[in-house]
2 protein chains.
Amino acid sequence: MEKLDDIDEQLLKLLGENSKQTIKELADRVNLSHTPVFERVKRLESNGYIKKYIALIDAEKLGYGLIVFCNIKLKQHDKRIGHEFVTDILRLDEVVECYNISGDFDFLLKVYAKDMKHYQDFVFNKLGSVTSIGSTHSTFVMSENKNTYNVNF
Amino acid sequence: MEKLDDIDEQLLKLLGENSKQTIKELADRVNLSHTPVFERVKRLESNGYIKKYIALIDAEKLGYGLIVFCNIKLKQHDKRIGHEFVTDILRLDEVVECYNISGDFDFLLKVYAKDMKHYQDFVFNKLGSVTSIGSTHSTFVMSENKNTYNVNF
DNA sequence: CTTGAAAAATGGAGGGT
DNA sequence: ACCCTCCATTTTTCAAG
């Protein structure tokens, strides 16, 4: 896999900010004609630099006004329990992100809930029935000050 | 602002997963013709349910193999210091997300770094020159198990 | 809502420097 | 690897049922 040049990086940045720009618009921004830009974008897609294109949905408008980071400690630390935990977690709609982390806890979840009642129900009923969990610690988000959704390279 | 019906929600889910589907493809999936689907999508865009369309870039392929959650405690807790902190943080490319949180710490940052050396340099030189910071605590991501990028409603 | 159609814009492929 | 041209597809709008 060849390295990216400056133009490729510019295209990734532009598409990472707004993927609805046309090939022609991108071409104008990087001072090329549309053909090479088209080919470069296709190459960035097929080489996996661009993973996919998505719409960003406003969670608050859908009633999901609460973001919580939920730290999880497992009961035991063998591979089977860890795998079991991840499998169970992937099923939960409230969990939008899940990381295996260093430190006092084993996993960090980012959870979207409608309100505190919903979150309480999530912890007691959904996390409560994931048997691999030892303990949890919740950190509530009061405001989101930045989210770029992509690496800033 | 009128409420969304089931079709609107389906469209948001579909576009939140893959925004490259054509209006015709979306229409087939929700069992409608292209005209109402086109109008619904436009309405979801102009009403802000769809915030924007982006390409998801593979950070690892660009050399950013390290994700760190960095907890920050401010020196003082007045409004001016908080605002000063956020302003400084917004400038840092390594910071992809920033949240004002409850608990022992004041802010949680999600940071992308190329490697540990890069992260060390980020903490010492970049965070080190943000004078509003009192203390930091880093949690390193060992693996990302889930990331939906959008609320699962 | 559906079908159908049509104009304008874009995507995508060809040949040439 | 770039540019330009051309055709196919898609977007976007509209009319009629």
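Each chain gets a letter, A, B and so on, in the order its sequence line appears, and its residues count up from 1.
- Shown here is A:Asp104, whose CG atom has no more than 12 heavy atoms of other residues, nucleotides or ligands within 6.0 Å.
- Atom P of nucleotide D:dC2 and atom CG of A:Asp6 are separated by 12 Å, given to the nearest angstrom.
- Side-chain proximity of A:Ser33 to D:dC3, C:dC1, C:dT2: nearest is D:dC3.
- Here the P atom of nucleotide C:dG12 and the CZ atom of A:Phe38 are 5 Å apart, to the nearest Å.
- We find that NZ of B:Lys24 is positioned 15 Å from C1' of D:dT12, with the value rounded to whole Å.
- The separation between A:His34 atom NE2 and C:dA13 atom C1' is 10 Å, rounded to whole Å.
- Among the nucleotides C:dC1, D:dT12, C:dG11, the one closest to any side-chain atom of B:Leu32 is C:dC1.
- Between the side chain of B:Ser102 and the backbone N or O of A:Phe140 there is at least one donor-acceptor pair closer than 3.5 Å.
- Within 4.0 Å (heavy atoms only), A:Arg40 reaches sugar-phosphate atoms of the nucleic acid but no base atom.
- As a whole-Å value, the separation of A:Ile23 CD1 from D:dC2 P is 14 Å.
- With DNA chain C read from its 5' end, the first of the two nearest nucleotides for A:Lys42 and B:Pro36 is the one closest to B:Pro36.
- Between A:Glu39 atom CD and C:dG14 atom C1' there is a gap of 11 Å when expressed in whole angstrom units.
- Taking the ring centroids of B:Phe107 and B:Tyr99, they lie at or beyond the 6.0 Å cut-off.
- In this structure, the CG atom of B:Asp28 is 11 Å from the P atom of C:dT3, given to the nearest Å.
- We find that CG of A:Leu11 is positioned 14 Å from P of D:dA1, with the value rounded to whole Å.
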**OP:** Check the pair B:Lys52, A:Asp58 against salt bridge (charged side-chain N to carboxylate O under 4.0 Å, His left out), reporting the backbone distance first and the verdict last.
**Re:** CA-CA 9 Å; B:Lys52 59 177 180 171; A:Asp58 190 322; over 6 Å; no

